[in-house]
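Everything on this sheet refers to the single structure shown next.
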Amino acid sequence: MTQPASSPTDHLLDELQWRGLIHQSTDETGLAELLASGQQSIYIGFDPTATSLHVGGLMQLMMLRRFQRAGHRPIALVGGATGMIGDPSGKSEERNLLSAEQLQRNVDGVAAQMRRFLDFDGEAGFTGSNGALLLNNFDWMQGYSYLEFLRDVGKNFPIGAMMGKESVRSRINSDAGLSYTEFSYMLLQAYDFVHLSREHGCRIQAGGSDQWGNITAGIDLGRRMTGEQLFGLTAPLLTTSDGKKMGKTERGAIWLDAERTSPYAFYQYWVHVNDEDVMRCIAYLTEIEKAEYDELAERTEQAAGERAAQKRLAQWMTELVHGDEGLASAERATKILFGGDIGNTPDNELQEIFADVPSQDITADQIEGEGLWIIEALQLAGLCSSGGDARRSVKENSISLNSVRIGDEQKRITRDDFAGRTVIVLRRGKRKYALLKLSSDASPK
RNA sequence: GGGGGUUUGCCCGAGUGGUUAAAGGGGGCGGACUGUAAAUCCGCUGGCUAUGCCUACACAGGUUCGAAUCCUGUAGCCCCCA
């Protein structure tokens, strides 16, 4: 361990090791030798279930990125074909089939996001020889006839082995059952691996631990069809200490797309990671070095209250996914929202800080005369679901307007509350914000 | 096809004909404590410009001064017999 590693590949395996990223692998020594013998290609499949990836896909993207940085060629495979079928692994019931058009939109969206993680054209210090590839299995599956596929591929799949796979066994006797289509999923993914080994010399497939069955199916198929020795590597699943999948909140998944999950919300998600989970996230998802990792672990131990590790994690992730800009705005917003008083912040700054926060336009006449009733305003802003809900929250003293608590449910918002600005900040509880914006067409007097 | 059971609020689940907007739990939302954590504790959790009104216990009717609770029919789920 004290010996400095002699090549990027040695670094790579050591790194995967200390980060705990190797859950299972086939023929470890063989794999190490293969990697040491020269540049390799490694592939991971991505399910195009939406136009954006979410936090759940980060592990995989980072895995490819680590390989690329160590000099290997990453292949991101989007499952245009397999996505039409649906992987039964780890799913309790059959998924709805996506339309071809939807799938194409998803593939496009996901592909664009991958550019933040992988270098596809060999710039940025790479010579180009290990530039990432983005492939879509629809391209080679689309023209493959059923009969031919059965003869070439199906022939090499013993039913006994297929029935033994966990993904099949767990479903076949369940209420949901398992359709023939889903059962066949494995063949498609296995064939992908063989295809990539033939066409791109790719001999390594990685994935989450739930992919083990599919990966080994590909390795078996490779041996039968081409005689080539292929390798598989799985990473642990990223779950929280209470066993749930990371990246999900009550409100749904955390997306990489800024339109779906704002940089601020994304940043906040990481800031809130539990103490028990935060170091694992750093190990799995970032490129923060061992030395700093140890330091952060130490600080979490000593002074958990500082949340140094969470902040560093949030910063690292946000910067990678949303860039300097996204990080800067998330941090600015955080600073005001959790620190300061909104009272004196000038209009333009408020607008910028709250760019992420949901807002609702109101017109000038809504605040003329009697003004806008607070109960109504809360519903307009989306902070409360009904009048009753709004009244309740006001009674609970959990509503504030420009950082001033509102306890009176008769409160009406008038021009005075805007204090010369065009924006008013409503808050419910500790960290739910919404804006009311005086729409520009209404001439402010 | 015959017989029996079941159906409650976001979810699970109690419910005696009469303060039952419906026990209890979960979830959610607030609050306290802390660290924008976890755990814990406390409050709230159908709608309504609201000391009141309306809608609710699968659906439709009925009995009753009064029904989630009793009766009839319809539908869904479950079990037994054929």
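In this structure A:Val110 satisfies the side-chain contact (heavy atoms from CB on, under 4.5 Å) test together with A:Leu53, A:Val78, A:Met114, sequence neighbours excluded.
Taking a cutoff of 4.0 Å between a charged side-chain nitrogen and a carboxylate oxygen, A:Arg19 and A:Glu15 qualify as a salt bridge. Contact check on A:Arg428 versus A:Asp389 returns a salt bridge, with a Lys/Arg side-chain nitrogen under 4.0 Å from an Asp/Glu carboxylate oxygen.
For RNA chain B, the stems formed by at least three consecutive Watson-Crick or G-U pairs, with both atom-pair distances below 3.5 Å, span B:1-7 with B:75-81, B:10-12 with B:24-26, B:27-32 with B:40-45, B:46-48 with B:52-54, B:58-62 with B:70-74.
For the salt bridge (charged side-chain N to carboxylate O under 4.0 Å, His left out) condition, the pairs that include at least one residue of residues 311-324 of chain A, sequence neighbours left out, are A:Glu292-A:Arg312. Applying the ring-ring contact (aromatic ring centres under 6.0 Å, His included) test to residues at least two apart or on different chains, the pairs with a partner in residues 271-304 of chain A are A:Trp18-A:Tyr293.
The number of heavy-atom neighbours closer than 6.0 Å to CD of A:Glu287, taken from other residues, nucleotides and ligands shown, is above 12.
In this structure B:U51 sits in the syn conformation; its chi angle is within 90° of 0.
Between the side chains of A:Thr82 and A:Asn137, at least one donor N or O sits under 3.5 Å from an acceptor N or O. Side-chain contact of A:Gln379 with A:Ser385: a donor-acceptor pair under 3.5 Å is absent, judged by distance alone.
Between B:G47 and B:G31, the two C1' atoms lie 25 Å apart (nearest whole Å). Comparing the same atom, C1', in B:G18 and in B:U69 gives a spacing of 11 Å after rounding to whole Å. B:U8 and B:U20 have their C1' atoms separated by 12 Å, given to the nearest Å. Comparing the same atom, P, in B:C65 and in B:A60 gives a spacing of 23 Å after rounding to whole Å. Spacing of P atoms, B:C11 relative to B:A38, comes out at 26 Å, to the nearest Å. Across the C1' atoms, B:A68 and B:U19 are found 16 Å apart, a figure rounded to whole Å. Nucleotides B:G15 and B:G9 have their C1' atoms positioned 14 Å apart, rounded to a whole Å. Here, B:G27 and B:C59 have their P atoms 28 Å apart, quoted to the whole Å.
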Query raised in the report: Can A:Leu438 and A:Asp361 be said to form a side-chain contact (heavy atoms from CB on, under 4.5 Å), step by step?
Result: CA-CA 6 Å; A:Leu438 207 52; A:Asp361 288 338; over 6 Å; no
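No option in A:Gln60, A:Gln205, A:Gln189 other than A:Gln189 meets the side chain to side chain donor-acceptor pair (under 3.5 Å) test with A:Gln211. Residue A:Glu276 is tested with A:Val278, A:Val273, A:Asn274 for a side chain to side chain contact (heavy atoms under 4.5 Å, CB included); the sole match is A:Asn274.
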Output a table of nitrogen or oxygen pairs between the protein and nucleotides 35-38 of chain B separated by less than 3.5 Å.
unit_1, atom_1, unit_2, atom_2, d
B:G35, O6, A:Asp275, OD2, 3.0
B:G35, N1, A:Asp275, OD1, 3.2
B:G35, N1, A:Asp275, OD2, 2.8
B:G35, N2, A:Asp275, OD1, 3.0
B:U36, O2', A:His272, NE2, 2.7
B:U36, O2, A:Gln268, OE1, 2.8
B:U36, O2, A:His272, NE2, 2.9
B:U36, N3, A:Gln268, OE1, 3.1
B:U36, N3, A:Gln268, NE2, 3.3
B:A37, OP1, A:Arg431, NH1, 2.7
B:A37, O2', A:Asn274, ND2, 3.3

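Atom CD1 in A:Ile399 sits about 9 Å away from atom C1' in B:G30, given to the nearest Å.
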**Report entry** Annotated protein contacts, base or backbone, on nucleotides 41-49 of chain B with a non-hydrogen cut-off under 4.0 Å, one of B, S, - each
**Finding:** --BSS-SSB
